[in-house]
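Notes follow once the structure below has been shown.
One-based numbering, in listed order, for ligands and for the atoms of each. Since this is a predicted model, take the numbers as computed values, not measurements.
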Amino acid sequence: MTSVTLDPSGSYLTLKTAHATRRFHAIWLRDNAADAETRAPGNWQRLITLRDIPVETRIKNATVKDDTLEVRFDPEGKVVSYGLAWLDAHAYDDAPPQARGWTEPGVDLWDAGLMDHVPTGDFAELSQSRGALSQWLEGMNRYGFGKVVNGPIEDGALFRIVDLFGYVRETNYGRHFEVRTEVNPTNLAFTGAGLQAHTDNPYRDPIPTVQVLYCLESSAAGGENMVVDGFAAARRLRDDNERYFDLLADHCARFEYAGEAGVCLTSRRPMIELAPDGELTAVRFNNRSMAAVTDVPFDRMADYYAAYRRLGEIIDDEAMAVTFRLNPGEAFVVDNTRVLHARKGYSGQGTRWLQGCYADKDGLRSTYDAMRRAQTQEAAQ
Ligand code: FE2
């Protein structure tokens with residue numbers, strides 16, 4: 001049985017349902033009215049500004065009928081209905097999260113244990129089946145990482161991966177970049193250098209939030225790819241040493257790339273980025289493009305470096321990494337705000353040719369959310 005009560009001043013109401021008791025402010029309810037004078041029916045854009053709502057807005061009365069809450073506002077005399085399910089989904093009267101470094105429901109942190117169930121999509125299935133694409137995108141949102149297999153082995157095929165969910169982000173490296181390694185055939189001892197796990201391009205602001213790496217040739221031994229969940233690494237740092245976590249979250253690092261004529265990219269951002277309420281929103285980690293850090297007070301710099309070193313040790317721990325080999329026609333996609341990638345060294349003869357490009361997470365999430373909403377609406381009809 002759902003009931004509603006008003007506080008004496010009419011500044012908020014209390015809605016009690018079978019499973020929760022939550023308060024809603026008069027001004028919040030009025031601003032979120034869904035009537036045709038407040039919101040455009042076609043695109044749901046708000047038609048009024050806050051100053052169109054009287055500052056003295058109060059709830060005159062409120063009643064529950066079936067699955068709807070009906071509210072009359074003073075001084076406008078306006079009556080607005082709200083679906084109880086909508087209110088439940090948008091309630092804000094819950095205890096705020098306590099520990100810094102929390103993540104949204106639907107985000108799962110992982111370590112090497114993910115190895116056997118990496119979200120993997122078949123290129124043809126992803127291209128033809130909305131269900132398959134939706135499932136793969138769900139995995140991308142959950143783990144920040146996914147693979148695509150059985151794709152075409154042709155120059156530029158990586159763009160067809162991006163076409164599945166969004167748009168390419170062009171940079172000074174072009175629309176895409178080549179990762180081509182010719183291992184020296186006359187010197188079998190030659191070992192192509194490995195790269196420590198990193199996020200790409202932290203010197204950009206904003207950073208490219210999605211990276212695609214697509215394999216076209218792979219005959220050299222070694223060169224396996226590794227990915228590490230930066231959120232899991234940050235959380236492990238917090239659980240090991242909260243002060244270290246706070247040092248990397250509360251101070252900006254600096255990143256720079258000026259390695260070609262006419263390019264001078266700089267950024268000032270923390271290695272561990274939190275929302276104001278402590279949500280873990282991004283990790284930046286890239287030894288090659290760290291610039292001189294100048295935003296840590298003198299008496300904290302030594303500890304800051306200890307924290308940076310410890311985060312690096314966690315990232316280098318093999319128990320954190322998922323390792324795999326990309327074969328021609330296979331790609332991996334990472335959320336570059338979260339998942340670090342690395343390459344192991346090469347040895348022996350042969351070539352390795354990958355193409356990479358950047359895209360953005362807003363497109364990926366929009367594609368997924370739009371598909372999910374359409375599925376919900378179809379199910380309701
Ligand atoms: Fe990279």
Going by chain and number, the hydrophobic cluster around Val71 (ILVMFWY, side chain to side chain under 4.5 Å) further includes Val4, Leu6, Leu13, Leu15, Phe24, Trp28, Leu29, Ile59, Val64, Leu69, Phe73, Val80, Tyr82, Leu84, Trp86, Leu87, Tyr92
Salt-bridge criterion met for Glu242 and Arg100 (N-O under 4.0 Å): no
Judged by modelled atom types alone, do Asp200 and Asn336 share a side-chain donor-acceptor pair under 3.5 Å? no
Within the 2.8 Å cut-off the protein N, O or S neighbours of the Fe ion (ligand 1) are His198 NE2, Asp200 OD1, His341 NE2
Which pairs with one or both residues in residues 222-231 pass salt bridge (Lys or Arg N to Asp or Glu O under 4.0 Å), sequence neighbours excluded? Asp229-Arg338
Sort out for me which residue in Arg23, Lys16, Arg22 forms a salt bridge (charged side-chain N to carboxylate O under 4.0 Å, His left out) with Asp93. Arg23
Return the set of residues passing salt bridge (charged side-chain N to carboxylate O under 4.0 Å, His left out) with Glu76 (not counting sequence neighbours), or none when no residue passes. Arg30
